[in-house]
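Each remark here refers to the structure printed beneath this line.
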Amino acid sequence: MADRPERHDRGTVAPGRVKEVTSVSNPIVKDIRGLALKKNRDETGLFLAEGLKLVLDALDAGWRIRTLVISKAADTDGLVGRVAARTVAAGADVLEANNKVLEAITRRDNPQNVVGVFEKRFASLGRLDFGADGVVVALDRVRDPGNLGTILRTADAVGAKGVVLVGETVDPFSMETVRATMGSIFSVPVAKVSEDAFLDWRKGFKGLVAGTHMKASEDYRAPAYAGRPVCLLMGNEQAGLTDRLADSCDTLLRIPQAGRADSLNLAVATALMLFEARRKALTL
Ligand code: SAM
């Protein structure tokens, strides 16, 4: 995989190179394939974004690319060629790969013809900009990559200021989560904190901390969300919120249900909460 882009004295970046790779056992390809594992993403600080749309979203949002893999069969006169040119200009290498290599990297039979290797980026909880009336969603020990991806996409759609991952959590940069975000991973700040760090931050937070709980007695439509910063706190898929997190909330809310389902899926409940908290700010 390309090293960090080399910078010249005057701040310009040495252009990357275009190389052809044909074998799945090529060492660069092996490193990229390794990014399917969290351990390797943690060690390298890198992750994969598949598909032209996602790679363009990442570049447009200023994320740093380290390697671009494109299909040898891709039409380089169009957008793919322009993305490759942007990659080389950013000092990263472009690998032209055959289908077998792309299948191995993406672990799919019908791989996308563009895959980007990007540097991971986390926001700091203390620096999230809530503004006067921004909404942030905090997730207690979220386990399911699809849920997290869907929540990031929904948070983006409502204009939320960030997503906070509290405690032991699924990796927001896993291939499955990145895919499910449909590119929103690149526009929603994501912070990751321990439960203790969240509770410390909460002590100094002047807005409303609204938790969701299956035993709550207040309707989720009751609070006045508008006009103040809001942190929505959502529970783990199996266990709900820990007692410490629930106790730290200004209010605990429930979404009324009819029928026999015990609860809603976490991503669905989060979507309802986000749209309710942002109701006054969202107009057609
Ligand atoms: N067995 C868990 C419990 O009793 O808390 C159910 C967890 S539920 C699948 C995951 C999370 O989604 C909950 O912790 C809560 O944040 C949210 N949730 C799901 N349905 C909800 C509802 N009807 N009202 C409020 N929150 C809900």
Side-chain angles (χ1 to χ4, degrees), residues 125 128 130 134-172 174 176-177 180-181 184-185 188-202 205 207-226 228-282:
L125 173 56
L128 281 185
F130 280 76
V135 175
V136 161
V137 55
L139 305 172
D140 176 19
R141 297 163 298 151
V142 57
R143 303 299 314 167
D144 184 277
N147 275 346
L148 178 54
T150 305
I151 290 168
L152 282 163
R153 185 176 175 187
T154 311
D156 184 14
V158 302
K161 301 290 189 184
V163 170
V164 183
L165 305 175
V166 183
E168 195 61 35
T169 166
V170 69
D171 182 9
S174 74
E176 202 180 338
T177 300
T181 72
S184 294
I185 182 85
V188 178
V190 177
K192 190 164 164 308
V193 291
S194 65
E195 185 180 84
D196 284 344
F198 179 84
L199 292 170
D200 270 355
W201 167 84
R202 189 268 168 277
F205 180 62
L208 174 75
V209 177
T212 47
H213 205 284
M214 301 314 296
K215 293 197 178 119
S217 48
E218 190 175 358
D219 189 297
Y220 78 116
R221 295 161 291 197
Y225 297 100
R228 54 177 165 170
V230 174
C231 177
L232 302 174
L233 192 43
M234 307 299 300
N236 166 268
E237 287 96 335
Q238 275 83 44
L241 286 178
T242 65
D243 289 346
R244 287 173 84 210
L245 287 173
D247 289 347
S248 78
C249 294
D250 295 309
T251 180
L252 288 175
L253 305 169
R254 186 153 51 95
I255 302 163
Q257 293 181 209
R260 296 183 54 199
D262 288 338
S263 61
L264 295 166
N265 160 273
L266 170 64
V268 170
T270 307
L272 288 168
M273 291 301 298
L274 280 168
F275 273 91
E276 184 60 25
R278 293 279 294 154
R279 189 157 51 89
K280 293 223 165 90
L282 298 173

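Start at 1 and go down the list; that is how both ligands and their atoms are numbered. In what follows, residues are counted from 1 in the order of the sequence shown.
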Indicate yes or no for a side-chain donor-acceptor contact from N147 to the backbone of V142 under 3.5 Å, with no hydrogens or angles considered.
-> no
E237 side chain to D144 main-chain N or O, any donor-acceptor pair under 3.5 Å?
->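 Between the backbone of D144 and the side chain of E237 there is a qualifying donor-acceptor contact (under 3.5 Å).
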M214 to R254 - nearest heavy-atom pair and separation |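 Closest approach of M214 to R254, heavy atoms only: O-CD, 3.1 Å.
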Measure across R244 and D196 and return the closest heavy-atom pair with its distance rounded to 0.1 Å.
-> NH2-OD1, 2.8 Å
Within the protein, residues bringing a heavy atom under 4.0 Å of ligand 1, chain by chain =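 Its neighbours under 4.0 Å (heavy atoms only) are T212, M214, M234, G235, N236, E237, Q238, G240, L253, R254, I255, Q257, S263, L264, L266, A269, given by chain and number.
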Using 4.0 Å as the upper bound for N to carboxylate O, is an ion pair formed by D250 and R202?
-> yes
Do the rings of F130 and F205 sit parallel, tilted or perpendicular, given the 30° and 60° boundaries?
-> tilted
